[in-house]
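Presented below is the structure to which this report refers.
Just so we're clear, the structure is a prediction, and the values are computed from it rather than from any experiment.
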There are 2 protein chains.
Amino acid sequence: MFSKTTEYGIRAMIFIMSNSLQDKRVRLKEIAAAIDSPESFTAKILQNLSKANVVDSVKGPHGGFEINKDKMQTLTLIDVVIALDGNKLFEGCGLGLKACNSEKPCPLHQHFLEVRTKITAMLVENKIIDLAQDLQTGLSFLKQ
Amino acid sequence: MFSKTTEYGIRAMIFIMSNSLQDKRVRLKEIAAAIDSPESFTAKILQNLSKANVVDSVKGPHGGFEINKDKMQTLTLIDVVIALDGNKLFEGCGLGLKACNSEKPCPLHQHFLEVRTKITAMLVENKIIDLAQDLQTGLSFLKQ
DNA sequence: TTTATTTAAGATAAACTTGTCCTAAATAGA
DNA sequence: TCTATTTAGGACAAGTTTATCTTAAATAAA
């Protein structure tokens, strides 16, 4: 479903959020350890999330990653997915046809739309902050 | 969502079915032309579908691919997907955790189950024969 | 100002998916 | 039996994703 990039990205964002809730900035090393991901690859992913303004980064001693107060309440999974994978998941024909639309649909067109709607809803409805709270209360986990 | 392999595989199967409905065996060349897919790659995919007994192949002059009478009524999308991509789509954690289950769930566990259920239902409910009939009546298309 | 710490950026490598090509095997028909 | 046709199989090539490594840039603190 998701690319590795997006899997690590979502896990990283939930971990960063759980720290930002306590005003704690976290370093790459801590993040990679907490979510059990390859450090350098995670660095690249965070770089991209930072460019996309989904997360904030600070260089130097006491630097690291954090989510600013403004975004805390609004960030959802779809922001992370779009920042990392673009609109791949939402656009294009499910069977790979170049021009598939309701006038000239592929055999799965309508069925695909329904699945896509379900996925989109899931991504829009889930706030990173809520997922981070589940993590903090021990209701969910980010590794193993 | 699907791999290129599965995209071409599904398109090929629907086309083969629409011909098998008229007792017509079709050659690789016709299939690749009909679904606008790379011929050699399509050959590999059909080879795998044939090994998995999803489609039947006949070598030599007047050879080609066909779906036998027994399977015609029962084949659904899920048979094609499993033959080509295995259980990838149905097993494993959505966030890539090695051990994610209802006891120790990832933050998306439950939400992911729902999406997966929707996808599985879509694949189980759609018979290849019905999709082929839509194609024949001009309700759907396999290329462009 | 120097040093240590930390992210940014770019080059490169490894793994996997997608795609091609060539030869072998099967078989129908002359 | 010979030839033409068609799928099977294996090797290989190209493209993409995943992952690593090295150096640069920023910045806090001594």
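Across all strands shown, B/Leu28 has heavy atoms under 4.0 Å from sugar-phosphate atoms exclusively, and none from any base.
Considering only side-chain N and O atoms, A/Lys51 lies nowhere under 4.0 angstrom from the phosphate OP1 or OP2 of C/dT7. Not one side-chain nitrogen or oxygen of B/Thr5 sits closer than 4.0 Å to the OP1 or OP2 atom of C/dT17. The phosphate of C/dA8 (OP1 or OP2) has a side-chain N or O of A/Ser50 nearer than 4.0 angstrom. Distances shown here put a side-chain N or O of B/Tyr8 below 4.0 Å from the OP1 or OP2 atom of C/dG19. The side chain of A/Ser57 contributes no N or O atom lying less than 4.0 Å from OP1 or OP2 of C/dT6.
Ion pairing of B/Asp23 with B/Lys69 is present here, as a side-chain N (NZ or NE/NH1/NH2) and a carboxylate O approach within less than 4.0 Å. Ion pairing of B/Lys71 with B/Asp79 is absent here, as no side-chain N (NZ or NE/NH1/NH2) approaches a carboxylate O to less than 4.0 Å.
In this structure, B/Lys88 and B/Pro38 both approach DNA chain C, and ranking their closest nucleotides by distance from the 5' end singles out B/Lys88. Along DNA chain D, the nucleotide nearest to A/Gly60 and the one nearest to A/Ser3 differ in position, and the one closer to the 5' end is contacted by A/Ser3.
What separates CD1 of A/Ile31 from C1' of C/dA8 is a distance of 14 Å, to the nearest Å. Rounded to an integer number of Å, the gap from CZ of A/Phe41 to P of C/dT7 is 17 Å. Counting to the nearest Å, the C1' atom of D/dT5 and the CZ atom of B/Phe65 are 13 Å from each other. At whole-Å resolution of the value, CZ in B/Arg27 and P in D/dA8 are 15 Å apart. Atom C1' of nucleotide C/dT27 and atom CZ of B/Arg25 are separated by 11 Å, given to the nearest angstrom. One can place NE2 of B/His62 at 10 Å from C1' of D/dA4, the figure rounded to the nearest angstrom. For A/Gln47 and C/dG10, the CD to P distance is 8 Å, given to the nearest whole Å. Nucleotide D/dC12 holds its C1' atom 11 Å from the NZ atom of B/Lys44, rounded to whole Å.
Residue A/Pro61 has its side chain nearest to C/dT5 when only C/dA8, C/dA28, C/dT5 are considered. Relative to the side chain of B/Lys59, the nucleotides D/dA8, D/dG10, C/dA28 differ in distance, and D/dA8 lies closest.
In this structure, B/Leu131 and B/Ser140 have side chains that are not in contact, with every pair of non-hydrogen atoms separated by 4.5 Å or more.
In the model, A/Thr120 has no side-chain atom that pairs as donor or acceptor with a side-chain atom of A/Thr117 under 3.5 Å.
Below the 3.5 angstrom threshold, one finds no donor paired with an acceptor across the side chain of B/Lys4 and the base of C/dG19.
Each of A/Ile119, A/Val124, A/Asn126 was checked for a side-chain contact (heavy atoms from CB on, under 4.5 Å) with A/Ile78, and the lone residue meeting it is A/Val124.
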